[in-house]
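Taking it in order: structure first as structure tokens, then the write-up.
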Protein chains: 2
Amino acid sequence: MSLPAQRDELQAADKLTLYKQIRHDIERRILAGEWPPGHRIPFEHELMARYRCSRMTVNKALSELAQADLIERRRRAGTFVRRPQHLSAVLKIADIRAEIIGLGRSYAYELIHCSRRAANAADRARLGVRKAGKVIAIACRHSADNVPFAIEDRLIDLDTVPEAAAADFTTEPPGSWLLHHVPWTEAEHTIGAVVADERTAAGLDIAVGAPCLVIDRYTWRSARTVTAVRLHYPGDSHRLVARFKGG
Amino acid sequence: MSLPAQRDELQAADKLTLYKQIRHDIERRILAGEWPPGHRIPFEHELMARYRCSRMTVNKALSELAQADLIERRRRAGTFVRRPQHLSAVLKIADIRAEIIGLGRSYAYELIHCSRRAANAADRARLGVRKAGKVIAIACRHSADNVPFAIEDRLIDLDTVPEAAAADFTTEPPGSWLLHHVPWTEAEHTIGAVVADERTAAGLDIAVGAPCLVIDRYTWRSARTVTAVRLHYPGDSHRLVARFKGG
DNA sequence: TACGATTATATGTCTAGACATATATGTCAA
DNA sequence: TTGACATATATGTCTAGACATATAATCGTA
């Protein structure tokens, strides 16, 4: 099986702590194919002997690998390399202002429309709420280097976020405001493609019928709806990138 | 601060282990806003006293929360609730056959084109390899309930996956074959929107100019290119859904 | 042979310590 | 006031045990 080395050699390799060394060592073998899916990884007590450490240290390394779905641990049976199932990619969807500034481009924001109203039936359906309440409806545009980057169409539930009534969305993008004023929400994203209708085309300064990437984000907090937003990006210039590890 | 309860009450609540109880208890407070971003969480020794357990148990709970980016741990300073930064969503991109079957729909696969050739310049650029080698080029179509679901355009690097030369892609989708024969790859996804050109429209049985979601997946394994694939989905019917927690 | 009870064992969690390490903070001198 | 240094402290990692628990394997019985 050629597990390498003594603990000392491993630690000499770089300056990581022991459990990280063990984790990386096992991960390397899995990713390199040395231990293929289904392979039984040495028992904890064997790894203890090999790395000359206590069981808790081995356990910490294996627990993290199990959390990452790289291995599967079965009582009495042992620990096995998992067969990758779904390609779970991590998609980082940044706040648009932060994203554009992070790209080193100049950011511009324009508020197109902002109104406060009692939620109508369509609003309630979109926010997934039953009771009638007040909402803020916002349309705005984000630009990078003075080129339209995305247009945004948003509803904010004022019952959940009453402070939003006092916010000034003429200068601050609602997404950024919410990010700083409503901590720790949960969300669901839906990504699709559409062709630009007249209004979208005008907003993004593209041709009617040009492809657009659409991201719908529905955000809630402790079972209460916070906001629903639809973002249109020019499809030929914007791309979402997701990186992952897993098969 | 009203940390609740004795350890016994916590455990009585449900049947989770103690460190999970602690983790959930702290997570609940953060998500509910009781402990807002920047708030300093009680020190480990305080939590030890509150939950009447050893430091390792508290530490395990806090370590997992730190891994999930919910909290930030600073030596000597303490542990703090993080301000959510980027909305990192987990996007599960399943093997298409598995995805369709998982939706309870009938799956059909058609191989449109399959050829083996020496990599030309375009192939090498797409695969990100310098040296000339052999590749397999595949075009195929996935259908759900006999309606076109996606068309696939793929290159496989035969230098990395020589076994693919013997695979039969007339009946098995290349994605499924690779998933079962090339374990534990890494990948990068790029998601965009285009309008259907004539070939795409014909393949998906939609109108020319209709919106399509495009996913490019580039897959490698231990620094070796495995495959590059471009998938076109009808934009009006297919949507990617990503869920997440994090602000 | 088939099935139910028993046993052995690998993982899951937990403890009460220990030392390492980064760093906030206070102290003292220039 | 400022910068260099010392110190205190919270987290980071590790140990050598312990008991709990799920389950694969074995054994016994119908």
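The chains referred to below are lettered A, B, ... by the order of the sequence lines, with proteins before strands, and numbering in each begins at 1.
Contacts classified as salt bridge (Lys or Arg N to Asp or Glu O under 4.0 Å) and involving residues 96-106 of chain B (residues at least two apart or in different chains) are given here: B:Arg97-B:Glu172, B:Arg105-B:Asp145. For residues 87-106 of chain B, no residue pair satisfies the ring-ring contact (aromatic ring centres under 6.0 Å, His included) rule, not counting sequence neighbours.
Taking the six-membered ring where the residue is Trp, B:Tyr218 and B:Trp220 present tilted rings, their angle falling between 30° and 60°.
Looking at residues two or more places apart in sequence or on another chain, you find a side chain to side chain contact (heavy atoms under 4.5 Å, CB included) between B:Arg239 and A:Thr190, A:Val214, A:Asp216, A:Arg230. Partners of B:Ala98 by side chain to side chain contact (heavy atoms under 4.5 Å, CB included), not counting sequence neighbours, listed by chain and number: B:Asp95. A:His24 pairs by the ring-ring contact (aromatic ring centres under 6.0 Å, His included) definition with nothing, not counting sequence neighbours.
Between A:Lys20 and D:dG12 there is no side-chain N or O to OP1 or OP2 distance below 4.0 Å.
Positionally, the nearest nucleotide of DNA chain D for B:Leu62 lies more toward the 5' end than for the other of A:Tyr19 and B:Leu62. Across the interface with DNA chain C, nearest-nucleotide mapping of A:Gly78 and B:Thr57 shows A:Gly78 to be the residue nearer the 5′ end.
Computed from coordinates, the A:Arg23 CZ to D:dG12 P distance equals 15 Å when rounded to whole Å. If you take CD of A:Glu72 and C1' of C:dG12, they are 15 Å apart, rounded to a whole angstrom. The interatomic distance linking A:Gln67 (CD) with C:dT11 (P) rounds to 17 Å, in whole Å. For the pair B:Glu44 CD and C:dC14 C1', the interatomic distance rounds to 15 Å; values are reported in whole Å. The distance between atom CD of B:Glu64 and atom P of C:dT13, rounded to the nearest whole Å, is 8 Å. D:dT15 atom P lies 6 Å from atom CG of A:Leu18, rounded to whole Å. Atoms NZ (B:Lys60) and C1' (C:dT13) sit 6 Å apart, rounded to a whole Å. In this structure, CZ of A:Arg52 is placed 12 Å from P of D:dT15, rounded to the nearest angstrom.
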For this session: Using a 4.0 Å heavy-atom cut-off, write out nucleotides 16-26 of chain D from 5' to 3' as B (base contacted by protein), S (sugar-phosphate only) or - (no contact).
Result: B-B--BSBBS-

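Heavy atoms of B:Thr79 sit under 4.0 angstrom from primed sugar atoms or phosphate atoms, though from no base atom.
Looking at A:Val161 and A:His181, their side chains never come closer than 4.5 Å, going by heavy atoms from C-beta outward.
Of the candidate nucleotides D:dT15, D:dT13, D:dA10, D:dA10 has the atom lying nearest to any side-chain atom of B:Phe43.
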